[in-house]
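In the text below, chain A, chain B and the rest are named by the order of the sequence lines, each starting its count at 1.
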Amino acid sequence: MIDRKQLRLHGDAMALALAKRGSAVVGEGSAWQQACHLDAKQRELKTEAENLQAERKKVSKIIGQKKAQGEDASAELAGMGAVSQRVKTLDAEAKEAEAVFVQSLLEIPNIPHESVPEGSSEADNVELRCWGEPRLDKVPDHWGIGEKLGILDFDAGVKLAGSRFSVLRGAGARLERALMQFMLDTHADKHGYEEVWVPAIANRKTMTGTGQLPKFEDDLYKLEGEDAFLIPTAEVPVTNLYQNMILNAQQLPIKHCAYTPCFRREAGSAGRDTRGMIRQHQFDKVELVQLVHAEDALLALDELLSHAVAILEALQLPYRLVNLCAADLGFSAQKTFDLEVWLPSQNTYREISSCSSFGQFQGLRAGIRVRDAQGKPQAVATVNGSGLAIGRTLVAILENYWQSDGSVLIPDVLQPYMGGLTQIEVKNDKKGEET
RNA sequence: GGAGAGGUGUCAGAGUGGCCGAACGAGCACGCUUGGAAAGCGUGUGUACAGCAAUGUACCGAGGGUUCGAAUCCCUCCCUCUCCGCCA
């Protein structure tokens with residue numbers, strides 16, 4: 001959530017910065033315009049209601065005193081009913097205005113940081129650097145590789161749940177688990193993150209705290225009969241661990257890593273990546289989350305990014321680092337670096353981690369604060385990123401470690417987690433017949 | 001799922017219509033005391049919004065209602081605990 005005081009004091013500058021995301025964000029009928037319009041109205045109503053309440057409080061006190069002393073209070077009592085009615089009306093109006101105001105505030109995206117490149121689409125994202133030697137020989141799609149090895153089964157996923165679900169078998173399932181363990185161990189033991197294990201279901205308030213709601217309800221799986229959702233990322237529960245808390249300055253930085261399954265409806269991506277494991281309704285991810293002082297946000301982002309990078313480099317997967325332009329920035333993000341892994345079958349880099357700073361945006365929404373030097377609570381800044389998306393990492397390993405005999409080598413660092421297995425061999429087992 | 005109890009400030013815990021933003025205590029901070037510490041004494045100690053400020057208003061799980069006036073009475077919902085049932 002953007003800061004309402006900032007909105008009032010520096011509205012024009014904010015509008016300018018927001019427009020980097022696209023003119024519609026601050027255009028006619030936008031939440032931005034509504035918020036600007038409602039701010040003054042909402043305050044006027046509140047002031048009026050408060051004044052009347054003060055009046056009522058004063059007179060009520062006198063009535064109480066008089067009655068206590070057995071005096072006649074009918075003079076004061078007269079007309080108070082009407083005042084009370086008026087208070088009720090005004091108060092209701094003020095509350096309504098406040099609610100609508102906050103609602104529109106919640107629909108305004110974060111303000112891009114000044115270091116975010118301008119742009120109108122993902123084509124304007126800026127490549128910062130590449131690492132590793134991209135493999136340029138002909139490599140089959142990961143689903144082809146996986147099915148030959150008998151470790152990927154998309155038909156089974158469809159049968160059990162529907163499209164965009166898959167089943168891992170044998171060394172594939174083991175590889176998924178190995179990646180999870182390797183990533184968590186690395187972040188917990190080497191990068192200083194405290195591991196947490198959290199629910200994969202979050203309620204509306206929690207979803208609002210990190211910015212998934214109210215705008216993106218269609219992207220979430222909602223639970224029947226309950227006001228709760230399957231989480232699209234561990235960011236949601238992990239960040240909200242500190243929802244409505246005032247932290248001590250010494251507690252920061254807070255660094256958590258967590259594995260969770262993630263659930264996304266992929267409502268807007270019909271037809272994209274329909275084959276394979278790239279875009280699933282359910283996928284595994286190890287997430288990194290940091291809560292820091294506002295002024296440390298961008299430094300923390302660099303640090304967190306290096307932690308995600310460390311996993312890619314340990315796995316010897318070629319990648320490139322991209323600075324997202326304003327138009328491609330997520331709703332809550334202030335600045336985002338994407339890490340894209342090389343997929344030889346597609347002859348391109350594909351996103352495998354997204355590391356963002358949210359500034360105080362989530363801190364303001366979720367009510368996560370820390371006392372400053374004066375003892376006043378200030379919203380914390382949040383930073384998070386994938387470290388990494390496990391399914392896509394598995395895909396990258398299949399393609400980058402594929403050998404022309406059809407087998408796939410296991411990266412050195414994963415072998416201990418695979419029971420010493422050094423490669424996955426082609427299997428010739430026949431599947432049963434579908435009936 | 002059934003029955004019961006309960007949700008008050010950092011914690012513990014009073015408060016059943018006005019003198020309650022809220023007792024007493026603990027904790028914490030500062031000061032005094034001390035060779036130093038403990039004890040003791042004193043002072044202070046919530047959040048949000050509006051305002052340059054003085055200050056005002058709101059908040060006793062959430063939302064409604066009754067009343068001139070609600071932490072306190074009524075209704076709805078949420079959550080926690082205990083017992084029973086079911087269950088990985």
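Against RNA chain B, the stretch residues 59-75 of chain A makes heavy-atom approaches under 4.0 Å through A/Ser60, A/Ile63, A/Gly64, A/Lys67. The stretch residues 81-106 of chain A touches RNA chain B through A/Gly81, A/Ser84, A/Lys88, each having a heavy atom under 4.0 angstrom from the strand. Scanning residues 32-49 of chain A for heavy-atom distances under 4.0 Å to RNA chain B yields A/Arg43, A/Lys46.
Nucleotide B/rU72 forms no Watson-Crick or G-U wobble pair with any nucleotide shown, as no partner meets the under 3.5 Å limit on both distances. Pairing for B/rG27 is with B/rU45, a Watson-Crick or G-U wobble pair whose two hydrogen-bonding atom distances lie under 3.5 Å. As the counterpart of B/rC79, B/rG6 is assigned, both hydrogen-bonding distances of the Watson-Crick or G-U wobble pattern falling under 3.5 Å. Of all nucleotides present, none satisfies the Watson-Crick or G-U wobble test against B/rG85 with each distance under 3.5 Å.
On the P atoms, B/rG25 is 15 Å away from B/rA14, given to the nearest whole Å. Nucleotides B/rG42 and B/rA5 are separated by 42 Å at their C1' atoms, to the nearest Å. Comparing B/rU80 with B/rG27, their P atoms are spaced 31 Å from each other, to the whole Å. As rounded to the nearest Å, B/rG15 and B/rU72 have C1' atoms that lie 8 Å from one another. When the P atom is used for both B/rU16 and B/rA54, the distance is 35 Å, rounded to whole Å. Using atom P as the reference point in both B/rU66 and B/rA71, the two lie 16 Å apart (nearest Å). Using atom C1' as the reference point in both B/rG21 and B/rC49, the two lie 16 Å apart (nearest Å). B/rU33 sits 15 Å from B/rA38 when the P atoms are compared, rounded to a whole Å.
Residue-level contact check: A/Lys58 touches neither bases nor backbone, having no heavy atom under 4.0 Å from any strand.
Between the side chains of A/Gln362 and A/Glu235, a donor-acceptor pair is found at a separation under 3.5 Å. Side-chain contact check for A/Gln423 and A/Ser407: at least one donor-acceptor pair (N or O, by modelled atom type) lies under 3.5 Å. Under 3.5 Å, the side chains of A/Gln53 and A/Lys57 contain no donor-acceptor pair of N or O atoms. Residues A/Glu266 and A/Ser269 bring a donor and an acceptor atom of their side chains to less than 3.5 Å of each other. A donor-acceptor pair shorter than 3.5 Å cannot be found between the side chains of A/Gln6 and A/Asp3. Side-chain N/O atoms of A/Gln34 and A/Gln103 include no donor and acceptor closer than 3.5 Å. Residues A/Thr260 and A/Lys285 bring no donor and acceptor atom of their side chains to less than 3.5 Å of each other.
Here the side chain of A/Ser386 pairs a donor or acceptor atom with the backbone of A/Ser354 at under 3.5 angstrom. Between the side chain of A/Ser332 and the backbone N or O of A/Thr210 there is at least one donor-acceptor pair closer than 3.5 Å. The closest donor-acceptor contact from the side chain of A/Arg365 to the backbone of A/Leu106 lies under 3.5 Å.
Atom CD of A/Gln374 is separated from atom P of B/rA29 by 19 Å (rounded to the nearest Å). Spacing between atom CD of A/Glu50 and atom P of B/rG56 amounts to 12 Å, rounded to whole angstrom units. As a whole-Å value, the separation of A/Asn51 CG from B/rC49 P is 18 Å. Straight-line distance from the CD atom of A/Glu55 to the P atom of B/rG69: 13 Å, rounded to whole Å. Distance CG (A/Leu7) to C1' (B/rA50): 16 Å, rounded to an integer number of Å. A/Asn248 places its CG atom 12 Å from the P atom of B/rA29, with the value rounded to the nearest Å.
Note: A/Tyr193 and A/His256 fail the aromatic proximity criterion, with ring centroids not under 6.0 Å apart. A centroid separation of 6.0 Å or more is found between the aromatic rings of A/Phe216 and A/Phe229.
For the pair A/Thr206/A/Val236, a side-chain contact is recorded, criterion being any heavy-atom separation below 4.5 Å from C-beta on.
Of the charged side-chain nitrogens involved, at least one lies within less than 4.0 Å of a carboxylate oxygen, so that A/Arg169 and A/Asp153 count as a salt-bridged pair.
For B/rU67, neither phosphate oxygen OP1 nor OP2 lies less than 4.0 angstrom from any side-chain nitrogen or oxygen of A/Arg56.
Taking the six-membered ring where tryptophan is involved, the planes of A/Tyr221 and A/His281 are perpendicular, since the angle between them exceeds 60° and thus also 30°.
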Treating primed atoms plus P, OP1 and OP2 as sugar-phosphate and everything else as base, which nucleotides of nucleotides 43-48 of chain B get B, S or - for protein heavy atoms under 4.0 Å? ---SSS
Identify all pairs in which a protein N or O lies below 3.5 Å from an N or O of nucleotides 73-76 of chain B, and state each distance.
none

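With sequence neighbours excluded, no residue forms a salt bridge (charged side-chain N to carboxylate O under 4.0 Å, His left out) with A/Asp12.
Considering A/Leu301, A/Ile111, A/Thr382, A/Leu298 as possible partners of A/Gln334, the one that fulfils the side-chain contact (heavy atoms from CB on, under 4.5 Å) test is A/Leu298.
Judged by closest nucleotide on RNA chain B, A/Arg8 is the one of A/Lys57 and A/Arg8 placed further toward the 5' end.
Nearest heavy-atom pair, A/Leu18 versus A/Pro109, reported as atom, atom and distance to 0.1 Å: CD2-O, 3.5 Å.
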